[in-house]
Protein chains: 2
Amino acid sequence: MYKIEFKDFFTYSFSLDCVIFGFQNGKIHVLLIKRAMEPFKNKWAIPGDLVYPDEDLAAAANRILVELTNLSMVDLHQAETFGNPNRHPQGRVITSAYMALIRIADFKATPASWAEEVKWQAIDELQELAFDHNAIIQSTYELLKKKMRTEPICFDLLPERFTLNELQCLYEFVYTTTFDKANFRKKLKHIPLIKQTEKQANVKHRPAKLFSFDSQLFQSLITQSEYQFKL
Amino acid sequence: MYKIEFKDFFTYSFSLDCVIFGFQNGKIHVLLIKRAMEPFKNKWAIPGDLVYPDEDLAAAANRILVELTNLSMVDLHQAETFGNPNRHPQGRVITSAYMALIRIADFKATPASWAEEVKWQAIDELQELAFDHNAIIQSTYELLKKKMRTEPICFDLLPERFTLNELQCLYEFVYTTTFDKANFRKKLKHIPLIKQTEKQANVKHRPAKLFSFDSQLFQSLITQSEYQFKL
DNA sequence: GCAAAAGTGTTTGGATTACACCCATGC
DNA sequence: GCATGGGTGTAATCCAAACACTTTTGC
């Protein structure tokens with residue numbers, strides 16, 4: 001019935017690749033590691049590795065990220081799966097991308113295992129990476145852009161307390177456009193933000209008020225009404 | 001470095017499962033097959049099978065669908081990937097869902113290979129299926145619902161020529177709500193539709209005008225302006 | 001004429017846009 | 001005072017919801 005024997009279907013491998021986004025200096029960045037191992041030794045890549053045969057995908061994504069970069073407690077979500085038969089030089093390896101958005105300043109990524117170095121690279125300044133990792137990042141970034149319109153994931157990228165201008169700059173970078181300040185703030189009227197008492201410090205202009213996202217209120221809004229986040 | 005030998009990572013298998021949606025009798029339906037093969041022999045399932053080790057994913061999804069149901073030339077798109085270690089009783093099989101939307105009347109699904117029967121089942125009347133196929137359908141249906149808001153995929157489900165009421169009924173079923181007829185049609189003002197000269201026939205009330213989707217105009221709209229489909 | 005569904009117009013209130021203006025801080 | 005960004009108000013316009021109304025067909 002099959003063109004090959006049933007047992008010969010069990011000759012794949014399966015990996016996960018973690019696309020970790022952060023926001024700094026006005027740009028979305030991606031976490032990269034330098035491979036200390038063949039194939040693509042000394043090339044930059046996104047952190048990823050093979051999944052153990054008895055391991056669940058979500059758990060494996062977390063393990064792999066910890067092992068290579070010491071980033072733990074990161075909220076990973078599945079993105080696209082890549083299965084070109086030639087994408088891995090050592091055999092048939094299908095890979096699923098997992099994505100996370102983190103506050104760069106709140107985490108300390110350090111190289112471990114076969115990761116020799118770790119760095120944050122601006123999404124618009126990526127060099128050529130190992131495997132098909134450029135395509136993986138591209139596809140996952142498209143997903144990020146889509147999600148940012150309808151889900152409050154922007155707050156995972158900004159510091160816990162942020163200014164409204166920082167929020168606007170993030171959206172302007174992602175959508176490569178500019179917004180009218182007054183109108184952008186009117187849209188924020190519908191979004192549950194907590195105004196902090198403190199203000200920005202050490203700026204040579206009027207200090208901005210700081211805000212934080214009210215995720216509790218957000219949760220009750222979406223469960224109790226047909227509230228829809230939109231920006 | 002690894003807890004197992006490198007070669008022991010090549011003990012997985014990988015499958016694809018096709019979630020084919022259609023629309024009839026006012027309801028979204030899913031194409032199911034009856035398995036003539038262990039495991040889950042005689043159980044209903046979505047069409048799916050193992051991917052050959054040298055086969056590309058998109059091509060494999062099409063091949064599998066043809067082999068089991070004789071449906072060819074179907075436009076399949078990747079959805080979620082499922083990798084619970086215990087989801088398949090015969091080994092570690094990771095699977096990616098592929099989804100398609102078709103006009104039921106334009107295709108003739110017939111069982112082949114180890115598919116014993118084929119049927120269209122209403123999405124809200126699904127029985128218990130083989131493997132984790134209920135979860136796969138659920139997740140893929142959520143994706144369909146999301147996509148229908150911003151992409152003109154509804155026209156893949158409706159007949160080539162449809163009435164505006166049929167379109168409205170489709171959206172009302174998917175969003176489990178009702179719309180005001182006049183207001184729904186105002187929203188359609190922005191969507192490139194071609195008014196046909198013929199009308200509905202054999203109805204015992206005023207016959208409705210028939211429309212078709214102008215995909216050419218749609219293509220030029222999205223490339224030339226920043227047009228966004230929305231319904 | 002009547003039932004049934006097709007098809008359209010009007011009003012109203014809320015959101016979006018463009019744009020102008022004032023405010024607080026460092027130097 | 002002035003440069004720099006923070007922060008807000010207004011008017012015009014567009015859009016969406018609610019609702020009422022007219023039209024065309026079969027019987």
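Any value given below was found using the heavy atoms of this structure, including those in side chains, with hydrogens, waters and symmetry copies removed. In what follows, chains are A, B, ... by sequence order, proteins preceding strands, each numbered from 1.
- Protein atom CG of B:N202 is 15 Å distant from nucleotide atom P of C:dA6, rounded to whole Å.
- With hydrogens and angles ignored, a donor-acceptor pair under 3.5 angstrom links the side chain of A:K181 to the base of D:dG6.
- In this structure, A:L164 atom CG and D:dG7 atom C1' are separated by 9 Å, rounded to whole Å.
- Donor-acceptor pairing under 3.5 Å, judged by distance alone, is absent between the side chain of B:K209 and the base of D:dT23.
- Atom pair B:H205:NE2 and C:dA4:P shows a separation of 11 Å (rounding to whole Å applied).
- Atom CD in B:E166 sits about 13 Å away from atom C1' in C:dA6, given to the nearest Å.
- Listed candidates were C:dG7, C:dA24, C:dT17. Nearest to the side chain of A:K186 is C:dT17.
- Within 3.5 Å, no donor on the side chain of B:D180 pairs with an acceptor on the base of D:dA16, nor the reverse.
- Heavy-atom contacts from other residues, nucleotides or ligands closer than 6.0 Å to CD of B:E125 number more than 12.
- Proximity of A:R185 to the phosphate of D:dG7: a side-chain N or O atom is located under 4.0 Å from OP1 or OP2.
- Counting atom types as modelled, B:K187 pairs no side-chain N or O with a base atom of D:dA16 as donor and acceptor under 3.5 Å.
- If you find the closest nucleotide of DNA chain C to A:K199 and to A:H190, the one lying nearer the 5' end belongs to A:H190.
- For the atom pair CD of A:Q168 and NZ of A:K187, the computed distance is 9.0 Å after rounding to the nearest 0.5 Å.
- In this entry the distance linking CG of A:L210 with C1' of D:dG7 reads 14 Å, nearest Å.
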Verdict with supporting geometry, A:E80 and A:L143, side-chain contact (heavy atoms from CB on, under 4.5 Å):
CA-CA 9 Å; A:E80 194 179 339; A:L143 186 63; over 6 Å; no
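- The shortest distance between the side-chain N/O atoms of B:N165 and the OP1/OP2 oxygens of C:dA5 is not below 4.0 Å.
- Rounded to whole Å, the distance from CZ on B:R206 to C1' on D:dT25 is 9 Å.
- Nearest-nucleotide positions on DNA chain C place A:A182 closer to the 5' end than the other of A:K204 and A:A182.
- B:F184 has its CZ atom 16 Å from the C1' atom of C:dA5, to the nearest Å.
- As rounded to whole Å, 20 Å separates atom P of C:dA5 from atom CZ of B:F162.
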What verdict does the salt bridge (charged side-chain N to carboxylate O under 4.0 Å, His left out) test give for A:K146 and B:E151, after you've listed the backbone C-alpha separation in whole Å, the side-chain angles of each residue and the deciding distance to 0.1 Å?
CA-CA 12 Å; A:K146 238 183 209 164; B:E151 295 174 42; 3.8 Å; yes
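- By the 6.0 Å contact criterion, NZ on B:K204 is open, its count of non-hydrogen atoms from other residues, nucleotides or ligands being 12 or less.
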